[in-house]
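First comes the structure, then the notes that go with it.
In what follows, every chain begins at residue 1, and chains take the letters A, B, ... in the order their sequences are listed. Values below: all heavy atoms of this structure, side chains included; hydrogens, waters and symmetry mates excluded.
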2 protein chains.
Amino acid sequence: MTDVTRRRNAAATRQALLEAARDRFIRLGYEGTTLRDVAADVGVNLALIKRYFSSKEGLFKAAVAATPRFLGRDDGIPGDVHSLADALSHQLSAGAWPEFGEHPVLMLLRAAGDERVDALRGQALLDAALQVLAAAGHSSVDDADDDLLLRAELLVALGVGVAVVRSATGLQPLRDATAGQLSSPLRDVVTALIEPPTNAP
Amino acid sequence: MTDVTRRRNAAATRQALLEAARDRFIRLGYEGTTLRDVAADVGVNLALIKRYFSSKEGLFKAAVAATPRFLGRDDGIPGDVHSLADALSHQLSAGAWPEFGEHPVLMLLRAAGDERVDALRGQALLDAALQVLAAAGHSSVDDADDDLLLRAELLVALGVGVAVVRSATGLQPLRDATAGQLSSPLRDVVTALIEPPTNAP
DNA sequence: CCGCCATGTCAACAAATGATGACTTAGCTG
DNA sequence: CAGCTAAGTCATCATTTGTTGACATGGCGG
């Protein structure tokens, strides 16, 4: 945004536009984001967006492509239920994602009815559920029955819900919960969902 | 909408407008809903909305006021953790809310940045969390420590997440999950959150 | 039957917003 | 330095959408 090395530097300007757009898309959704505001954030003329991204939809797709998925990041895939719970705690803690302001999954969820984005969004959530299953020791989809997949998706839904609730309300203490505070309850949930207490004969 | 008894009947027309608006607000959010579409749904002129609700914001607030809260409905407040889990299973099952199409909580979450709606939304979610606490045997807020409140809010977030994920994606098997299928996992989650397995000394 | 008033329609305005082509300027290259 | 091209600006258009005042009309009370 305030990059000094951006004097008639196309790549840097394009990048700045992308970041400004991503920030607004995450906070305000597709409809709520105006191209004029994005251009103003960067201090550049509206028409440049057309040059670099063709249209608002092009800008949105580029922003989506440049945003990490739900359980994706660089943390690597958690190998067991405990590290999965820890990864969730960190992803859902208050200070996480300082570069986005909100949880990046919100951008996907606030998208317009575009077909390609819909597919991307569904895939991202399914991927997350599969990662949960992997952490539970199931390497392939067919390895798990529908009930287990449903349980994994419920865990993903919990993550989505936390992100949504935090961004939409000031609900305390959830709003400011740290990873440390989330850790204990989330461990309980993960364990209960993926390793039910009394289910084996 | 297709009420035959609606020939120059102000009350019925007003009600039809309210229902059409509610449906669109829930599915498409505040920004995504246009007054022209709402009027067209009812088969009435756009200007009538101004007459009955003053403005789009007035229409939205009326729709919010006429929509049940999260754990509110008429089911009554669940008295223990098991009936709480069952109530959740039913509220979050695929066929629930036939009169809205989606879970009504989505209307609150997709609201514009209006101050009063923000407050309403926060209050609705807090109420839901308090109901969860009540089901856990805590009659007042002060009765519970922050950790327990956080756990209750996580359960509410799970509900919100399920509603959001279902409305935004075709994620299976969550999308079509019945109350029966949700029951077992949700019981595990509720128990784990509200009655942690190994916490007492 | 007739007029009145609630009910509803019509046409038009203004603001916001995405899209677009013509124009300008800075910085490199020869 | 001259000039060409990429980078950026400007003014404007078309569309959508909320808002609004003037107008039409149907049913009910007298």
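Distance, B:Leu48 CG to C:dT9 P: 6 Å, rounded to whole Å. As a whole-Å value, the separation of A:Asn9 CG from C:dC28 C1' is 14 Å.
In terms of position along DNA chain D, the nucleotide closest to A:Gly43 lies nearer the 5' end than the nucleotide closest to the other residue of the pair A:Gly43 and B:Leu35. Comparing B:Thr13 and B:Arg36 by the nucleotide of DNA chain C whose heavy atom lies nearest to each, the residue mapping closer to the 5' end is B:Thr13. Heavy-atom distances to DNA chain C give each of B:Asn45 and A:Lys56 a nearest nucleotide, and the one nearer the 5′ end belongs to B:Asn45.
Mapping heavy-atom proximity under 4.0 Å, the span of DNA chain D touched by chain A runs 5' to 3' from D:dA6 to D:dC10.
Of all heavy-atom pairs between A:Leu174 and B:Glu153, the closest is N-OE1, 3.0 Å. In terms of heavy atoms, A:Ala177 sits closest to B:Leu150 at CB-CD1, 4.1 Å. Nearest heavy atoms, A:Leu84 versus A:Leu155: CD2-CD2, 4.1 Å.
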What verdict does the salt bridge (Lys or Arg N to Asp or Glu O under 4.0 Å) test give for B:Asp188 and A:Arg151, after you've listed the backbone C-alpha separation in whole Å, the side-chain angles of each residue and the deciding distance to 0.1 Å? CA-CA 10 Å; B:Asp188 290 342; A:Arg151 286 168 173 269; 2.8 Å; yes
Do B:Arg166 and B:Asp176 pass the salt bridge (Lys or Arg N to Asp or Glu O under 4.0 Å) test, and can you show the C-alpha distance, the side-chain angles, and the key distance before you say yes or no? CA-CA 9 Å; B:Arg166 177 175 293 133; B:Asp176 292 337; over 6 Å; no
Report the C-alpha separation of B:Thr33 and B:Arg22 in whole Å, then their side-chain angles, then the decisive distance to 0.1 Å, and conclude whether the side chain to side chain donor-acceptor pair (under 3.5 Å) test is met. CA-CA 10 Å; B:Thr33 297; B:Arg22 192 177 55 187; over 6 Å; no
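Side chains of B:Tyr52 and B:Leu59 form no contact here, defined as non-hydrogen atoms less than 4.5 Å apart.
A:Ile49 comes within 4.0 angstrom of no nucleic acid atom, judged by non-hydrogen atoms across all strands. Within the nucleic acid shown, A:Ser54 has no heavy atom closer than 4.0 Å to any nucleic acid atom.
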Taking N or O atoms only and anything under 3.5 Å, show me the protein contacts with nucleotides 21-24 of chain C, one pair per line.
none

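Classification of the A:Phe25-A:Tyr30 ring pair by plane angle, with boundaries at 30° and 60°, yields parallel.
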